[in-house]
Amino acid sequence: MIIVIAVDPILEGFDDFQLTTNKKSSKGSRDSNFLRDATNTVDCYLSQLSKSESTLSNSLFEFLKTADKKKKIRVRLLTPINPENIQIVKELARQFSVYHTDAPGADFCIIDGALYFYDIENSNDEMVGYHRQLLSKNLSFVKLQQALFE
């Protein structure tokens, strides 16, 4: 449930970009709603794998548990692999492609090559307890992000 939605004034003129802010909650997140809409591919970069936090990583696990297996969605995950998350990586690698990277970055997903979802980390003390996301359906932008992912 989205408590607060704010659209950045700079992005108001761009219908295919949306910056949102919502209150963190332990219930279902908006991230998993977008993931559930996937039909072909989900490509993600996660800076940290976690099943316990309210993050994009957790939303991805929710999606993977509930995804319709008949759809045969190809999931590729890029993440740092280390001793702390090796069990989670092994679990994911049974069904999906998991790749190691040392490159730092922020959490994002590209869904079906048509939607870019970026989970913005809060460095602002006023935003503690809130998630901010950038969503884009701008095909040129999404294709550029897909090329960078590749």
Minimum heavy-atom separation for [X] and [Y], please, with both atom names.
{"X": "Gly113", "Y": "Thr41", "result": "N-OG1, 3.9 Å"}
{"X": "Thr79", "Y": "Gln48", "result": "OG1-N, 4.4 Å"}
{"X": "Pro80", "Y": "Asn85", "result": "O-ND2, 2.9 Å"}
{"X": "Leu135", "Y": "Phe117", "result": "CD2-CD1, 2.7 Å"}
{"X": "Tyr116", "Y": "Ile110", "result": "CD1-CG1, 3.9 Å"}

(message) Side chains of Thr101 and Tyr45, heavy atoms from C-beta outward: is any pair under 4.5 Å?
(response)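 Yes, their side chains come closer than 4.5 Å.
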
(request) Please tell me if the side chains of Asp37 and Leu115 come closer than 4.5 Å, counting only heavy atoms from C-beta onward. (result)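 No, too far: nothing below the 4.5 Å cut-off.
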
Is there a path of hydrophobic side-chain contacts, each under 4.5 Å between heavy atoms of I/L/V/M/F/W/Y residues, joining [Y] to [X]?
{"X": "Val98", "Y": "Ile86", "answer": "yes"}
{"X": "Leu144", "Y": "Val42", "answer": "no"}
{"X": "Phe141", "Y": "Tyr118", "answer": "yes"}

(request) Could you go through the side-chain contact (heavy atoms from CB on, under 4.5 Å) check for Phe149 and Arg76 one step at a time? (result) CA-CA 10 Å; Phe149 180 86; Arg76 296 185 300 172; 3.8 Å; yes

Is it the case that the side chain of [X] and the backbone of [Y] share a donor-acceptor pair, with hydrogens and angles ignored and the cut-off at 3.5 Å?
{"X": "Asp112", "Y": "Asn40", "value": "yes"}
{"X": "Asp16", "Y": "Ser136", "value": "no"}
{"X": "Asn82", "Y": "Glu84", "value": "yes"}

(request) Just do the side chain to side chain donor-acceptor pair (under 3.5 Å) check on Glu91 and Gln87 with the steps written out, would you? (result) CA-CA 6 Å; Glu91 180 182 333; Gln87 292 301 353; over 6 Å; no

Nearest 0.5 Å, please: how far is [atom2] in [Y] from [atom1] in [X]?
{"X": "Leu77", "Y": "Cys109", "atom1": "CG", "atom2": "SG", "answer": "8.5 Å"}
{"X": "Leu35", "Y": "Leu60", "atom1": "CG", "atom2": "CG", "answer": "6.0 Å"}
{"X": "Asn138", "Y": "Gln145", "atom1": "CG", "atom2": "CD", "answer": "10.5 Å"}
{"X": "Ile81", "Y": "Lys90", "atom1": "CD1", "atom2": "NZ", "answer": "11.0 Å"}

